[in-house]
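What you see is a predicted model; the values in this text were computed from it and never measured.
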Amino acid sequence: MEMRPRLLSLLCVAVCGVGTAARNDGSYDLILKGGWIVDGGGNPRYEGDVALRGDRIVAVGFLGSATARETLDVHGLVVAPGFIDMMGQSETNVLIDNRVLSKITQGITTEITGEGGSVAPLTDKLVLDDSDAMKKWHYREDWRDLNGYFAQLEKQGSSLNIATFVGATQVRLAVVGNENRAPTAAELAHMTAIVDTLMEQGGLGVWTALEYAPASYSKTDELIALAKAARRHGGIYASHMRNEGQHIDDALNELFRIAKEADIPAEVSHLKLSGRKAWGRMPRILARIDSARAAGLDVTADQYPYIRAATSLDASIPTWAESGGMDSLLIRLRNPATRARLHREMVNPSGGEVFYSAAGGGAGILITGTFQDSLRYMQGKTVAQIAAARHRDPIETVFAIVLAEHGHRTDAVYAIMDEPDVQAAMKQWWVAVNTDFGGVAPDGPFGTQSAHPRAYGTFPRILGHYSRDLKLFPLEFAVRKMTSLAAQRVGLTDRGLVRPGMFADITVFNPATVLDRATFERPHQTSVGIEYVIVNGQMVLKQGQLTSARPGRGLRGPGYRQSQ
């Protein structure tokens with residue numbers, strides 16, 4: 001009986017705290033009235049009101065006759081935290097087209113970026129390497145560090161928030177370059193110092209992309225050193241692992257080792273099983289991660305809900321051929337003996353499946369974007385179709401396209417995954433959601449390129465197809481994966497929940513109609529059912545239509561130190 005007063009006190013904290021926020025006597029900027037609140041924490045939905053003032057949520061619950069400059073009746077709609085894309089590619093796209101339409105129209109309010117390559121560090125040489133892209137897309141890399149990038153982002157405006165990791169590839173390029181070698185002791189010290197600096201400028205952690213050159217040249221000890229630098233500032237380690245197919249166990253072992261020796265949380269980026277020879281192993285891979293978690297490692301993952309992956313066409317070629325950079329690759333492709341060796345390795349890869357074999361050859365590789373306008377006729381065709389029209393071997397066709405692009409990357413989609421594996425991963429409570437694509441728009445500069453449907457449809461596809469229609473998991477479970485799970489993972493502690501005091505990033509959608517429409521044949525189609533999107537208290541999507549507001553911000557990680 002002595003515990004009853006204590007119990008009543010705790011109940012008052014839990015209930016009266018919300019009531020106090022709800023009884024705020026001042027008028028609000030916006031009230032979302034009568035919606036189904038799915039708060040992002042995995043709790044059951046409940047009917048209520050949400051009030052905003054400035055860039056914050058200030059009251060949640062039954063607000064009665066409270067007044068606001070604007071009140072929206074959202075009865076029948078779900079009011080959720082703004083969705084967080086755990087792996088986007090919009091860091092440059094947003095400077096070219098700040099609407100980031102494909103992200104906003106699927107309810108995304110924050111994008112996490114920096115997979116391998118990142119906006120910083122930049123050197124004069126790296127900027128020079130990007131000069132052709134800057135001319136084509138009309139943007140400028142006028143920064144060298146994260147502070148500079150975020151200043152540029154603020155100047156140009158954005159419809160959504162951008163947060164970034166420090167890309168380990170980017171750090172390696174800045175210090176070592178494209179060479180296939182280990183850094184010297186002095187170079188590694190320089191690399192870790194760069195990570196320290198960029199973490200203090202707001203980086204979320206270190207992110208590796210080990211399946212691609214030059215990141216594939218990195219040894220585990222190098223990665224541990226960079227991960228330790230990130231951990232000093234509260235960051236995490238994320239990884240596109242070294243192998244996602246037959247040798248995924250070896251890649252997981254490396255990730256577990258880095259997590260243990262650097263004492264750092266680890267994130268498996270776009271968890272998948274690549275290539276037919278690996279299909280069906282997902283339950284065992286999930287069990288391995290669960291076992292690592294039970295043993296004390298903090299390991300989670302994220303994924304996109306499609307069976308095709310998207311990357312560059314040159315990823316079909318063994319990575320050793322890119323030592324020295326793209327120019328070196330082109331030289332090797334022009335050498336008959338080297339070209340013949342590459343051809344043999346793509347037909348019979350010795351180190352496990354490469355992208356070409358994982359996709360089952362040229363028929364499983366769809367060209368989605370060419371840098372050279374003269375090659376645009378290839379978009380929407382498979383390598384096999386292009387090869388047949390040319391009466392050439394598909395692998396030789398890959399080489400010919402890479403050469404014709406003169407060192408610029410061709411975008412491609414690879415049919416490499418199996419639906420049961422995708423669904424098995426999606427049902428895990430520790431798997432967040434990503435698009436793994438930059439923000440685009442049908443009527444913008446990127447509308448001339450094809451795309452992967454995940455650019456437009458990822459989050460509505462999970463809400464509509466997988467949660468509502470297939471009933472793989474409850475709506476509340478899906479929303480948690482898209483919001484608070486991602487936010488807590490990268491240290492964005494004031495986003496990802498519909499609660500008083502949190503930043504007002506909110507997505508309002510119709511649970512009965514939300515659905516993706518983008519397909520591989522017609523990828524530039526926005527999703528339906530996303531009604532309102534609010535970023536930092538300002539509405540960027542109203543009744544499914546983009547507004548002129550650009551309230552997005554550069555978000556900083558837990559190690560951020562504001563310059564004096």
Q: Hey, is Arg242 close enough to Glu254 for a salt bridge, meaning N to O under 4.0 Å?
A: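 Answer for the salt bridge query: yes.
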Q: Please determine whether side-chain contact (heavy atoms from CB on, under 4.5 Å) holds for the pair Thr493 and Gln488, giving the CA-CA distance in whole Å, both sets of side-chain angles, and the decisive distance to 0.1 Å.
A: CA-CA 6 Å; Thr493 55; Gln488 76 178 38; over 6 Å; no
Q: Under a 4.0 Å N-O cut-off, is there an ion pair linking Glu187 with Arg181?
A: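 Yes, this pair counts.
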Q: Between CZ of Arg281 and CG of Leu286, what distance do you get to the nearest 0.5 Å?
A: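 Answer rounded to 0.5 Å: 13.5 Å.
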Q: Can you confirm if the NZ or CZ of Arg341 lies within 45° of the ring axis of Trp320 and under 6.0 Å from the centre of its six-membered ring?
A: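 The answer is yes, since Arg341 meets both limits relative to Trp320.
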Q: Measuring only between side-chain heavy atoms, which start at C-beta, is Val422 closer than 4.5 Å to Asp418?
A: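 A side-chain contact is absent here, since even the closest heavy-atom pair is not under 4.5 Å.
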Q: Quick one: ring pair (Phe, Tyr, Trp, His ring centres under 6.0 Å) partners of Phe473, sequence neighbours excluded?
A: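 Partners of Phe473 by the ring pair (Phe, Tyr, Trp, His ring centres under 6.0 Å) criterion, ordered by chain and then number, come out as Phe477.
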Q: Between Glu154 and Arg553, does any side-chain N to carboxylate O distance fall below 4.0 Å?
A: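 The answer is no: the pair does not qualify as a salt bridge.
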Q: Salt bridge between Arg332 and Asp327, side-chain N to carboxylate O under 4.0 Å?
A: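 The answer is no: the pair does not qualify as a salt bridge.
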Q: Could you pull out all residues at least two apart from Arg499 that satisfy side chain to side chain contact (heavy atoms under 4.5 Å, CB included)?
A: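 Applying side chain to side chain contact (heavy atoms under 4.5 Å, CB included) to Arg499 gives Asp39, Asn43, Leu497, Met502.
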Q: Would you say Lys481 and Trp430 make side-chain contact, with heavy atoms under 4.5 Å?
A: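 Contact flag for Lys481/Trp430 side chains = no.
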Q: For a 4.5 angstrom cut-off between non-hydrogen side-chain atoms, does Pro81 reach Asp505?
A: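 They are not in side-chain contact.
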Q: Report yes if some heavy atom in the side chain of Gln428 is under 4.5 Å from a heavy atom in the side chain of Thr300; otherwise report no.
A: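 No, side chains not in contact.
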Q: Between Ser239 and Ser269, is any side-chain donor less than 3.5 angstrom from a side-chain acceptor?
A: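 No, no side-chain donor-acceptor contact under 3.5 Å.
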Q: Using distance alone, with no hydrogens and no angle criterion, decide if Thr208 and Tyr237 have a side-chain donor and acceptor under 3.5 Å apart.
A: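 On atom types as modelled, these side chains qualify, holding a pair under 3.5 Å.
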Q: Residues in ring pair (Phe, Tyr, Trp, His ring centres under 6.0 Å) with Tyr560, at least two apart?
A: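 With sequence neighbours excluded, Tyr560 shows a ring pair (Phe, Tyr, Trp, His ring centres under 6.0 Å) to no residue whatsoever.
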Q: Answer yes when Arg489 and Asp302 have at least one side-chain N-carboxylate O distance shorter than 4.0 Å, and no when they do not.
A: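 Looking at Arg489 and Asp302, the cut-off is not met.
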Q: Looking at Tyr414, does the NZ or CZ of Arg308 lie under 6.0 angstrom from its six-membered ring centre and within 45 degrees of the ring axis?
A: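 So Arg308 doesn't make the cation-pi contact.
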Q: Please determine whether side-chain contact (heavy atoms from CB on, under 4.5 Å) holds for the pair Leu329 and Met326, giving the CA-CA distance in whole Å, both sets of side-chain angles, and the decisive distance to 0.1 Å.
A: CA-CA 5 Å; Leu329 171 62; Met326 285 298 290; 4.0 Å; yes
Q: Taking the side chain as C-beta and beyond, is there a heavy-atom pair between Tyr212 and Thr169 under 4.5 Å?
A: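 Not in contact.
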Q: May I ask you to test the Leu475-Leu463 pair for a side-chain heavy-atom distance under 4.5 Å?
A: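 The answer is yes; the side chains approach within 4.5 Å.
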Q: Do Asp196 and His233 meet the criterion of a side-chain donor-acceptor pair at a distance under 3.5 Å?
A: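 On atom types as modelled, these side chains qualify, holding a pair under 3.5 Å.
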Q: Got a sec, which residues hit ring pair (Phe, Tyr, Trp, His ring centres under 6.0 Å) with Tyr149, two or more places apart in sequence or on another chain?
A: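 Applying ring pair (Phe, Tyr, Trp, His ring centres under 6.0 Å) to Tyr149 gives Trp143.
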Q: Determine whether Thr113 and Phe165 satisfy the following criterion, side-chain contact (heavy atoms from CB on, under 4.5 Å), listing intermediate values before the conclusion.
A: CA-CA 6 Å; Thr113 187; Phe165 278 73; over 6 Å; no
Q: Do any N or O atoms from the side chain of Glu111 and from the backbone of Asn161 form a donor-acceptor pair under 3.5 angstrom?
A: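 No.
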Q: Return yes when atom NE2 of His190 has more than 12 non-hydrogen atoms of other residues, nucleotides or ligands closer than 6.0 Å, and no otherwise.
A: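 It does not: His190 NE2 has 12 such atoms or fewer within range.
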Q: Looking at Arg454 and Asp436, is there a salt bridge between them, counting it only when a charged N and a carboxylate O are closer than 4.0 Å?
A: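 Here Asp436 pairs with Arg454 in a salt bridge, since their nearest N and O are under 4.0 Å apart.
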Q: Quick one: pull up OH in Tyr306 and OG1 in Thr435 and give me the separation to the nearest 0.5 Å.
A: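 Rounded to the nearest 0.5 Å, the OH-OG1 separation comes out at 9.5 Å.
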Q: Looking only at the side chains, is there a donor atom on one of Ser527 and Gln106 sitting less than 3.5 Å from an acceptor on the other?
A: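 No, no side-chain donor-acceptor contact under 3.5 Å.
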Q: Show, in sequence, the C-alpha distance, side-chain angles and deciding distance for Asn180 and Ser323, and conclude whether the side-chain hydrogen bond (donor to acceptor under 3.5 Å, both in side chains) test is met.
A: CA-CA 5 Å; Asn180 185 357; Ser323 177; 4.8 Å; no
Q: Quick one, Leu128 and Asp124 - any side-chain contact, counting heavy atoms below 4.5 Å?
A: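 With C-beta onward as the side chain, the pair stays apart.
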Q: Relative to the ring of His452, is the ring of Phe437 parallel (under 30°), tilted (30 to 60°) or perpendicular (over 60°)?
A: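 Phe437 and His452: tilted rings.
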Q: Just wondering, do Val433 and Asp85 contact through their side chains at under 4.5 Å, heavy atoms?
A: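 Contact flag for Asp85/Val433 side chains = no.
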Q: Have a look at Pro121 and tell me which of Leu146, Asp145, Leu126, Val171 forms a side chain to side chain contact (heavy atoms under 4.5 Å, CB included) with it.
A: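 Option passing the side chain to side chain contact (heavy atoms under 4.5 Å, CB included) with Pro121: Val171.
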Q: side-chain hydrogen bond (donor to acceptor under 3.5 Å, both in side chains) with Thr410: which residues, sequence neighbours excluded?
A: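 Residues passing side-chain hydrogen bond (donor to acceptor under 3.5 Å, both in side chains) with Thr410: Glu405.
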Q: Indicate whether any N or O donor in one side chain lies under 3.5 Å from an N or O acceptor in the other, for Asn93 and Trp137.
A: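 No, because no side-chain N or O of Asn93 sits under 3.5 Å from a partner of the opposite role on Trp137.
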Q: When Glu200 is tested against each of Arg561, Arg556, Arg232 for salt bridge (Lys or Arg N to Asp or Glu O under 4.0 Å), which residue passes?
A: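 So, applying the salt bridge (Lys or Arg N to Asp or Glu O under 4.0 Å) to Glu200 and each of Arg561, Arg556, Arg232, only Arg561 qualifies.
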Q: Which heavy atom in Thr109 sits nearest to a heavy atom in Leu160, and how many Å separate them?
A: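 Taking every non-hydrogen atom into account, O-CB, 3.4 Å.
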Q: Salt bridge check, Arg409 against Glu322: does any charged N sit closer than 4.0 Å to a carboxylate O?
A: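 Salt bridge flag = yes for Arg409 with Glu322.
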Q: Can you find a side-chain donor-acceptor pair between Glu222 and Ser218 that sits under 3.5 Å?
A: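 Yes, a side-chain donor-acceptor pair sits under 3.5 Å.
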Q: Return the set of residues passing ring pair (Phe, Tyr, Trp, His ring centres under 6.0 Å) with Tyr304 (not counting sequence neighbours), or none when no residue passes.
A: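 In terms of ring pair (Phe, Tyr, Trp, His ring centres under 6.0 Å), with neighbours along the sequence ignored, Tyr304 is linked to no residue.
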Q: Do Gln303 and His270 have side-chain atoms, one donor and one acceptor, less than 3.5 Å apart?
A: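 His270 and Gln303 do not have a side-chain donor-acceptor pair below 3.5 Å.
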Q: Before accepting this row, confirm whether a basic side-chain N of the pair Arg288/Asp249 lies closer than 4.0 Å to the acidic partner's carboxylate O.
A: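 Salt bridge between Arg288 and Asp249, a charged N being under 4.0 Å from a carboxylate O: yes.
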Q: May I ask you to decide whether Arg140 forms a salt bridge with Asp142, counting only side-chain N to carboxylate O separations under 4.0 Å?
A: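 Looking at Arg140 and Asp142, the cut-off is met.
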